[in-house]
Structures are given as C-alpha cells and as structure tokens.
Visitor: 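Here it is: the structure, laid out below.
Quick caveat, the model's predicted, so the values are computed rather than measured. Note on naming: letters A, B, ... go to the chains in the order of the sequence lines (proteins, then strands), and numbering restarts at 1 for each one.
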2 protein chains.
Amino acid sequence: MPRKKVSIKEIASAAGVSSALVSMVLNGKAKQYGIGEEATQRVLRIAREMNYQPNIMARGLRSGRSHLIGLVVADIANPFFAKLAREIEKQASEHGYTVIYGSSDDNSRRMNSFMQTLVNQGVDGIIAIPCEDTIKIAAELQEQKFPLVLVDRDYTDMKISSVLLDNEQAGRQITEYLINAGYRQISFVAYSGDLSHIQGRMSGYLQAMQAHGLTETVHRLDKSDSQESIRQILSAIRQGSEPTDALIFANNTLTIEGLYMIREAGLQVPDDVAVFGFDGGNAFDLFTPPVSYVCQPITEMGREAFSLLIKQLEASDPQPAEKVVLQSSFVYTDSSRARIQPTNPSTKKTI
Amino acid sequence: MPRKKVSIKEIASAAGVSSALVSMVLNGKAKQYGIGEEATQRVLRIAREMNYQPNIMARGLRSGRSHLIGLVVADIANPFFAKLAREIEKQASEHGYTVIYGSSDDNSRRMNSFMQTLVNQGVDGIIAIPCEDTIKIAAELQEQKFPLVLVDRDYTDMKISSVLLDNEQAGRQITEYLINAGYRQISFVAYSGDLSHIQGRMSGYLQAMQAHGLTETVHRLDKSDSQESIRQILSAIRQGSEPTDALIFANNTLTIEGLYMIREAGLQVPDDVAVFGFDGGNAFDLFTPPVSYVCQPITEMGREAFSLLIKQLEASDPQPAEKVVLQSSFVYTDSSRARIQPTNPSTKKTI
DNA sequence: ATTGCCGTCTGAAACGATTTAGCTTATCTT
DNA sequence: AAGATAAGCTAAATCGTTTCAGACGGCAAT
C-alpha cells in the first residue's frame, strides 16, 4: 500500500513537468490555464498511481482556507445537539468540509475560549449554539466579517445569521392545546437565566394564558438545585397547596428531570397532572404514559445552518445577515389527553 | 479589538530582533537556546500587546504536527458515543489538542473514507470505534506507525492499542444474576454481525447458561427489520410457544427497541418476562419498571483511550500496542427482580 | 597576540501547494 | 521575412513557522 507522503513535486518529476503544472491539473484548472490534453492525462494518471493526497496544511497556509468549520454546542451528550451535530457533519462532508466540535456547557467563558481556539485553528467559519454572553464574541467576529451562524437561540439586537424556531408560537400552541383539553391551572417550568428560546416559549405560554383569562404560574429553577425545586413543586401539587393540573417543561433535560421526580412522587399522569415537554426522545416515549412534546425540526435546522454558513464561505463579498425561522411540529399523547371533566367547559374553545 | 493577523515577523521587527528569536521565545525555548533575559521579556511583552496568535497551518506545515486528533464513532447521536466523545474532547482540550469527529454508522465504507479524510486533514492520531471491516485500514495505519487507538471492540488477531470492556465477564455476570434470581429460560438478543463486543457478551451468556445446565437461546436480528423480529419473539413469548422468562438485549439501541415492542405487546416486566440491557440512559430509568443494565465506565474509557493515544503521540519512538480492559458495573432494578417462585429453588446458588 | 570558547543572536533553508509573470516555441499575419 | 499572437509550459515568490548552521563580540587561557 503506497502511503508514503507523496508531494506534488514528486509527481512533477515523475511526469517530467513542473510542479506548477501538476498543481493546476490537480485543481481542475487545466483548461483555464491552457494545459495540453496529453500532459493533463499523464499527470492525472500518475497522481492516481502514486495515491497523491494533498497536504492540507500547505494548501491552507497558501490559500488561507482550511475547509474546517467549527461547531460549538452546549453539550454533545444532549440528544438534541447530537442530532444537530450529526446533520451538520453530514452536510459539511458532502460539501468537502470537516467539522471540529466542542461543548460549551452554556458556560460563556468556556464558549469564548473555545471559539477563540477555533479561530486560531484556522476554521473557515463557525456554527454555534450561543449562550447568554456569547453575544460579545459573536459581535466581534461578525464585525470582522468572520463567517458565523447562530442556531436555536436569538439575541434580537444583533444582525447575525441565525436559524431559529418560532418558540413563541410553540409555547402558545401547546398552551392553547392544554387549555382546549380542559386544563386550567397550567404551570410553566424553566431553568432560570434568559436564554432566548426559553423566553420565547414562556412568552407564548403567557400570551395564551392571558388570552383565556387564566392565571399564569411560572417556576424558574436554579440549575444547581433544580431537582430539589421540582420535588417541592410536585409535593405542593400533591398536597393541593398549589392547584396545578398541567406542567409545561421548557426544555428537554428539564422534562427528563421532571419525569424522574414525577415518578418518585408517585403522581399519575395526566390524572394528577398533565405533562408537556420539549424535544422528545426515547425516554418520553417509554414513560407511562408517553409524554407529549414539541418536536423541533432538527434535521432542517442543521441543513439551514450549514447552508447559511456556506453562503458566507463561498461568497466573495460579505453576505447580509439572514434569520431563518422554522416551525415546530407537535406530538400529542396521553400525557396531555383531554380531561374527562373539564374544569369549566364553557370556556372551551377552538382556536 | 486588535485581530489583524499578527505574524512573528511583525513582532520581530517591533522588538528589533530576528523572527527566529521570536519563535524560540514564544515556544518557551528561550533558555534552551540561550536567549538573553532582556530580549525574552521584550518579545513576550510585545507579543502580548499585539495579541499574537500563531498560524496553525504554517506551524503544522513546518512541524508536521497539527494538534488535531480524529475521533470516529458509530453514531454521535447514540448517547454512549456522545458521552465518550465528550470525555475525549475534554481530555484533548486539556492537553492542547482539538478533536475532529465523524460518525461511521458502522458502515465500513464510510468509516474507511472518513479515516482517510482524517489522515489527509493531517490529524496527529485517531481514536476510533472500529466496525467489522475497519480492521483492514486499522492494520494499514498501524503498520505505518500512525498513532491509533481502538475503543469498545476488539479483533483479537491485531496488535493495536485498544480500550475494551470485559464483555464476556459482563455477559456471564448478568446471566448468573438472572439465574440466581430464579429465571431459567433466558434468551439473548443481538443484532447479527460479529462485532466483537457482542460476541463477548454472548459468549459470557453461553458460558453461564452451560455452567448451569440450562438451554441457551440466541436470537440474531437483522438490523434492517429488527423491529419486526422482536415483535415476533415477543408474540411467541406471549403465546407461550417459546418458553422464555428473561431477555438480555445485547446493546443499548436494541434494548430501547425492545422496550418499545414490549410496551406495544402489553407484556409485563418482569412478570411476563424479565429484561436486562446495556448502557442505561433515561429511557431505561423511566420505563416501568426501571430496566436493569450493564453500566459501562464511559468516562474511564474516554480517559484511557486518550491517554493511550497521547502516549503514542508524544513518544519519539514507536510505543508497543497496549490493550486496556475495563470492568463494567451493574444496575439491578425491578426489571430483573427475583421471581416470587423460582422455577427450581434447589438449583439456586450464589456464585 | 593568537586561539578557543561562551553567550547571544541572525540568516536562510525548509515544509508543500498556489499563482503570477514570463519564457519558449510554433503559427499566423501582412 | 519580420512582427504579432497564441499555446503550453516553467521559474520563482509566497504563505508563517521552525530550526540548523553559523556569525559576532568578548573574555580567558595559552
């Protein structure tokens, strides 16, 4: 197996031409540079025979492009991001790019330093799930016309290419759904912090509740002791001290945590309390009963993100920032099935 | 924000020294090359002021090292691999390396081409979850002394550094456990193919069954229609046409599939059939009842894999291949609780 | 005073690919 | 036949770093 590093020079001398010619031919620019047919074929054949593989470093140094793109997610072990990463990786490899990735844990310091590392590594562009303070470094990169696409979260004052979900709409829709299904005391549970997607979901929830003249209840949990907080909420529900007939968990991990606690508390879903979550997953399906959830179009998000990025990468002039907003779909299951006796049938309406 | 690309040359002229000296200082080799204290400090200060960032491509071209490592997993969307990736990424970044990753889908063609891409990208080493035919390309790389570590699966005839689990032991142990818990008709369910870790688990199962004089039943499912196959197995169990009181699913995804089907079939666990799986996950915990599983030391695997790789990377002389075998732990839950009336109490013994 | 040797530092080559400017020939024009 | 044009190719510069082989001044030993 010939895997000795073959350089363009060796091919050149084997073919009896200059290394410049070899480079041109191998880059498919033979016609463009007016290289003769015979020489072209000879070089091509020899390169194949010698199993030539271009040296990325040399090429990158010369051309200033690495064909590497950076991907920063909150946590690759979160299925949502893993699937997103999968799709982006697929797109990238189809377009001749390779992906470098890292997890930020939604920690802005880690995020910053990783972004910095990526830029130093010479990536051509970055796709990132921003966290609250990413805005600074993102703005900086944006200013320097560094190709950048943000996914899943939005910080409205910035003109940065992004792929987003209509979280407000999703929040509104599932709340409406629960109301129509006869639930009245619907609580919204989220981690504290102001990640934009959570804000959007919450705002949709609030709108729907207000539109129906219902009292909103929002629980913001500190990530560090969310488990204990959920336990308290559930125990309040159980004792009836906080009348609640449905819970909306604002994201995937929180929903999962919630399910653990619900089981621990021995609550029946949806009889004691209905549950609606985000993002789905096996755990949702295999819970008893299966859990209703907002289903984000992950594949499409990945595709859009990459397409936005490559638009910037391949364009010679700076492209205008573009925000793509996608709609979610919904999976309605028994965890949010219609109440047998709606609390107040008269307010039940279809929107 | 100064982000104009500052080169070593500009620092050199700003400091009034040669670029060679700057390079030496910036690489911490000042002492080694006997650079004066004063010059060293001046260069360091100026480099900081100008926010110098080395050009990775140039460095890589010159030194032949990219500080990139490749990671090939079967599927990053599988939590097991995601967690592994997470740990490896962490280790890598702590050691100044960056990770490029890709999913192979256990498809050897894809795997091959991705490995090839990685090598072309100039990664310094590769950590891979091999699939059945990876052995060829792995052997090839190994022969060229290319730093390579294989994880999770083994192909015994090769002398390649690997991190493995004692799958045979795990298979044996959970089978023994089920036998002790009073189960007698224990079936082993796996995808077809001969991935070594599956073989190991199966062989452990067979050993334990034989040791107790019990009849082994192994189902090998074609990945393409595993769902249908499981459905048939379960329906046989239900109708009693195939006497089975416990199922061991040989890996994570298969266990999940199994759980879906068990729920669909309306079987009660463990009364109708006990269940034992691999790798765990939220879905296991939230199933009713929670599912017993073999818990692989993922973090440790990642750490070991990276440590094996870096040993090869930083050593000047080729290192001998090394196989690290780790032990699993076990989570025993109600899905495999002791039968109320063991089929044959007299054979119950503690191993 | 010459030699030898430190301690400090520099020049220049090298890594491999790309690209520009320009050099040969051969062919065409007039 | 002389000059212009084109076709086909090459030399050499370039990207930013690293590193090896010295250079240079000064000091001690001879």
Side-chain angles (χ1 to χ4, degrees), chain A residues 3-44 46-47 50-68 96 119-122 124 316, chain B residues 3-44 46-47 50-68 96 119-122 124 316:
Chain A
R3 180 77 55 80
K4 324 242 321 163
K5 289 217 145 202
V6 179
S7 82
I8 228 171
K9 243 182 239 167
E10 306 177 51
I11 295 182
S13 73
V17 295
S18 75
S19 61
L21 189 147
V22 175
S23 169
M24 292 162 178
V25 169
L26 261 23
N27 285 322
K29 303 193 175 162
K31 296 274 175 262
Q32 178 185 325
Y33 283 104
I35 312 287
E37 184 61 22
E38 193 215 3
T40 302
Q41 291 309 323
R42 187 152 29 99
V43 168
L44 248 25
I46 292 182
M50 299 177 84
N51 184 31
Y52 170 73
Q53 301 295 148
N55 179 318
I56 301 285
M57 301 284 177
R59 177 180 292 187
L61 174 58
R62 182 60 229 247
S63 66
R65 323 220 36 219
S66 60
H67 276 242
L68 249 33
V119 173
N120 294 347
Q121 278 287 353
D124 292 343
S316 42
Chain B
R3 182 79 55 82
K4 323 241 324 162
K5 291 215 141 202
V6 179
S7 82
I8 228 170
K9 242 181 237 168
E10 306 176 52
I11 295 181
S13 73
V17 296
S18 75
S19 60
L21 187 146
V22 175
S23 170
M24 292 161 176
V25 170
L26 260 23
N27 285 325
K29 303 194 175 162
K31 297 273 175 261
Q32 178 185 327
Y33 282 103
I35 311 287
E37 185 61 23
E38 192 215 4
T40 302
Q41 290 310 322
R42 188 151 29 99
V43 167
L44 248 24
I46 293 181
M50 299 175 85
N51 185 33
Y52 171 72
Q53 302 295 146
N55 180 317
I56 300 287
M57 301 284 177
R59 177 179 295 185
L61 173 58
R62 177 60 229 240
S63 65
R65 324 219 37 215
S66 60
H67 276 240
L68 251 31
V119 174
N120 294 347
Q121 279 287 352
D124 293 342
S316 43

Visitor: Show which side-chain atoms of residues 27-38 of chain A pair as donor or acceptor with protein atoms under 3.5 Å away, not counting sequence neighbours.
Guide:
| from | atom 1 | to | atom 2 | distance (Å) |
| --- | --- | --- | --- | --- |
| A/Asn27 | ND2 | A/Ser23 | O | 3.1 |
| A/Glu37 | OE2 | A/Gln41 | NE2 | 3.1 |

Visitor: Could you tell me the separation between the NZ atom of B/Lys31 and the C1' atom of C/dC9, rounded to a whole number of Å?
Guide: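 Distance check: B/Lys31 NZ to C/dC9 C1' gives 15 Å.
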Visitor: Would you indicate whether the side-chain heavy atoms of A/Val43 and A/Leu21 approach each other to under 4.5 Å?
Guide: yes
Visitor: Looking only at heavy atoms, which two atoms of A/Ser66 and A/Asp124 are closest? And how far apart?
Guide: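 Closest approach of A/Ser66 to A/Asp124: N-OD1, 2.9 Å.
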Visitor: So A/Arg42 and A/Val17, do their side chains get closer than 4.5 Å, heavy atoms only?
Guide: yes
Visitor: Less than 4.5 Å apart, any side-chain heavy atom of A/Met50 and any of A/Ile11?
Guide: yes
Visitor: Base, sugar-phosphate alone, or nothing: which one does A/Gly36 contact when heavy atoms must sit under 4.0 Å apart?
Guide: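 It contacts sugar-phosphate atoms only.
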Visitor: With a 4.5 Å cut-off on side-chain heavy atoms, are A/Asn55 and B/Asn120 touching?
Guide: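 Contact flag for B/Asn120/A/Asn55 side chains = no.
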Visitor: Nearest whole angstrom, please: distance from the C1' of C/dG7 to the CD1 of B/Ile35.
Guide: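 So the CD1-C1' distance, B/Ile35 to C/dG7, works out to 10 Å.
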Visitor: Counting the atoms with a prime plus P, OP1 and OP2 as sugar-phosphate, which does B/Val17 contact under 4.0 Å by heavy atoms, base, sugar-phosphate, or nothing?
Guide: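 Contact class for B/Val17: sugar-phosphate only.
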Visitor: With a 4.5 Å heavy-atom cut-off, do A/His67 and A/Ile56 have their side chains touching?
Guide: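 SC-SC contact between A/His67 and A/Ile56 ruled out.
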Visitor: Using a 4.0 Å cut-off to any heavy atom of chain B, which nucleotides of DNA chain D are the first and last in contact, reading 5' to 3'?
Guide: D/dG16 to D/dC20
Visitor: Treating primed atoms plus P, OP1 and OP2 as sugar-phosphate and everything else as base, which nucleotides of nucleotides 17-25 of chain C get B, S or - for protein heavy atoms under 4.0 Å?
Guide: BBBB-----
Visitor: So do the side chains of A/Leu68 and B/Gln121 get within less than 4.5 Å of each other, counting heavy atoms only?
Guide: yes
